[in-house]
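In what follows, chains carry the letters A, B, and so on, assigned in the order in which the sequence lines appear, proteins first and then strands, with residues in each chain numbered from 1.
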There are 2 protein chains.
Amino acid sequence: MARSGKSRPAKKRTAKAAPRGVSFGRGPQTGKSAPAPSAREAKQAERREAILTAALAEFSAQGFTATRLDDVARRAGIAKGTIYLYFRDKESLFQELIRTRLSPIVGTIEALRDADVPVRALADQLVELFVREVFGTQRKDVIRLMIAEGPRFPKLAEFYYREVLSRIIAALRTLLKRAHERGEVGSDAVVRFPQLIAAPGLVAVVWSGLFDRFEPLDVRAMMKAHVDLLFTPGRAA
Amino acid sequence: MARSGKSRPAKKRTAKAAPRGVSFGRGPQTGKSAPAPSAREAKQAERREAILTAALAEFSAQGFTATRLDDVARRAGIAKGTIYLYFRDKESLFQELIRTRLSPIVGTIEALRDADVPVRALADQLVELFVREVFGTQRKDVIRLMIAEGPRFPKLAEFYYREVLSRIIAALRTLLKRAHERGEVGSDAVVRFPQLIAAPGLVAVVWSGLFDRFEPLDVRAMMKAHVDLLFTPGRAA
DNA sequence: ACATAATGACTGACTGGTCAGTCATTTATA
DNA sequence: TATAAATGACTGACCAGTCAGTCATTATGT
């Protein structure tokens, strides 16, 4: 098989002290951040984005350790050295990737929470949101990456929990509590364990990554079925 | 110790022809597989087991590529070379690991299916089975490994689908169909998507691996809550 | 029983290939 | 032209897999 792998915390390299070091994955060292000609900055942002997109493709296909930065570079249409103008090292690139791709979704869910519509309708919107904005995009891969590599990046897991999960869960809890009090959900199970709401989403992500070629899964239908389950009137808690 | 100094004897070694090669990850080459003194065989089985256990610990902490066989060997209390007496290469070791740790559970579930007891009681047993035999054991880690590395080992994913998942799903479907016909489940959602049954299990495995230190999850309670949800009488499908 | 030989499980130094990160040089931009 | 950006050849750490050599155990001979 060969390949080998390589990882190890990157040694020390006390040599140049901290030529880069401080700038945490921003653009190429911009000595002065004056208003500057946005022509350049735009191009830089574009490159940065290209690198992140290429990195996601490689990381999610190969995993963190097995991904070669040469491949990321080739996919992004640049040389390997260029990556180091935009990111401190491989690990920074990985972390930036997770950060930038996952955060945006949170706001949307919190907005949903504050909308004053029947919770059942909200749930349907949530399903659509998931299918369209997560399952239908790169975010699906980011989630699988998070599951796969999380144990080796405790800091990332913490960030993800703090910035994404806990906020989503809090929003869901508020939303579900309201629904339960109105009698719109038959059991308080999901109020106690909002994780149950997300469960089919997780199944969808994992299934699609591993088993879709053996048995395709109609994700939207499954999630709708799950919503039906939750909102079955029936006995009160 | 070896010493040797490596004299590069012009390779050759045509003598024993194929000393290893053919034996596919079985014990050290057993020239004759006569009834043999089981003392030795027992010891070999023990070593093999030790290697697998050590490998699971390392693989599930580091992932496949980042795991060093030197570390596996140290953890198993043997030399690296010994691993190659029991497994063809790193990948074989990994695959054997998944295979041997996951298969046993299937039979148990199929046995449950054939028992003739109220489906609700069965469901409770299923929860217990999961909490005790999966969540409480190494199998939890094997599942996470499968999710993390599956995309890079299509063969393994296929094996897992064929030997484990499809059978579990088939058993569940039978079981749930019966329950639905008896009116024991309020919706046919789970008959169409038995994956929904396993969803909280997946959540439990993933959550425990990544976020338990921030917010512990009472897995048994969550799964019981989920079962309650499923068996809400309420409206017929 | 005792000595001697054969076996094969086990070891670990070593090799060849890999790849993250560097930096002297080249190219683009202002 | 001067400065910043981009390049890619290069280096050194790293590790899967190998195999000559060791030695405890078992078999054979006297």
Seminar exercise, completed: Closest to the side chain of A:Y84, out of C:dT11, D:dT7, C:dA20, is C:dA20
Seminar exercise, completed: Contacts of A:D70 and A:T82 projected onto DNA chain D by closest heavy atom; the upstream (5') one is A:T82
Exercise. Hey, are A:E149 and A:R152 close enough for a salt bridge, meaning a charged N less than 4.0 Å from a carboxylate O?
Worked result: yes
For this session: Write down the distance between NZ (B:K80) and C1' (C:dA9), rounded to a whole number of angstrom.
Result: 18 Å
For this session: Using a strict 4.0 Å threshold on nitrogen-to-oxygen distance, state whether B:R101 and B:E133 make a salt bridge.
Result: no
For this session: Would you mind reading off the distance between B:E58 atom CD and D:dC15 atom P, rounded to a whole angstrom?
Result: 12 Å
For this session: Figure out the CZ/P separation between B:R48 and C:dA9, and round it to whole Å.
Result: 14 Å
Seminar exercise, completed: Between CD of B:Q44 and C1' of C:dG8 the distance, given in whole Å, is 10 Å
For this session: Could you grab the distance from atom CG of B:L145 to atom CD1 of B:I98, nearest 0.5 Å is fine?
Result: 5.0 Å
Exercise. Using a cut-off of 4.0 Å on non-hydrogen atoms, how would the nucleic acid contact of A:I78 be classed: base, sugar-phosphate, or nothing?
Worked result: sugar-phosphate
Exercise. Between A:D89 (CG) and C:dC19 (P), how many Å, whole number?
Worked result: 18 Å
For this session: May I ask you to decide whether A:E163 forms a salt bridge with A:R99, counting only side-chain N to carboxylate O separations under 4.0 Å?
Result: no
Problem set entry | Phosphate OP1/OP2 of C:dC10 contacted by B:R47 side-chain N/O (<4.0 Å) | yes
Seminar exercise, completed: To the nearest angstrom, the CG-P distance between B:L69 and D:dC14 comes to 16 Å
Seminar exercise, completed: Per atom distances to the A:L85 side chain, the nearest of C:dC10, C:dA20, D:dA6 is D:dA6
For this session: Would you mind checking if B:R68 and B:E58 are paired as a salt bridge, meaning a charged N to carboxylate O distance below 4.0 Å?
Result: no
Exercise. Just to confirm, is there a sub-4.0 Å distance from OP1 or OP2 of D:dA16 to any side-chain nitrogen or oxygen of B:K90?
Worked result: yes
Exercise. Counting only side-chain N and O atoms of A:Y86, is one of them less than 4.0 Å from OP1 or OP2 of D:dA6?
Worked result: yes
Exercise. Just how far, in rounded Å, is C1' of C:dA9 from CD of B:E46?
Worked result: 15 Å
Problem set entry | Of the listed nucleotides C:dT29, D:dA16, C:dA20, the one nearest the side chain of A:K43 | C:dT29
Exercise. The side chain of A:R68 lies closest to which of these nucleotides: D:dA5, C:dA20, D:dC15?
Worked result: C:dA20
Exercise. For the pair made of CD in A:E91 and P in C:dC19, what is the distance, rounded to whole Å?
Worked result: 18 Å
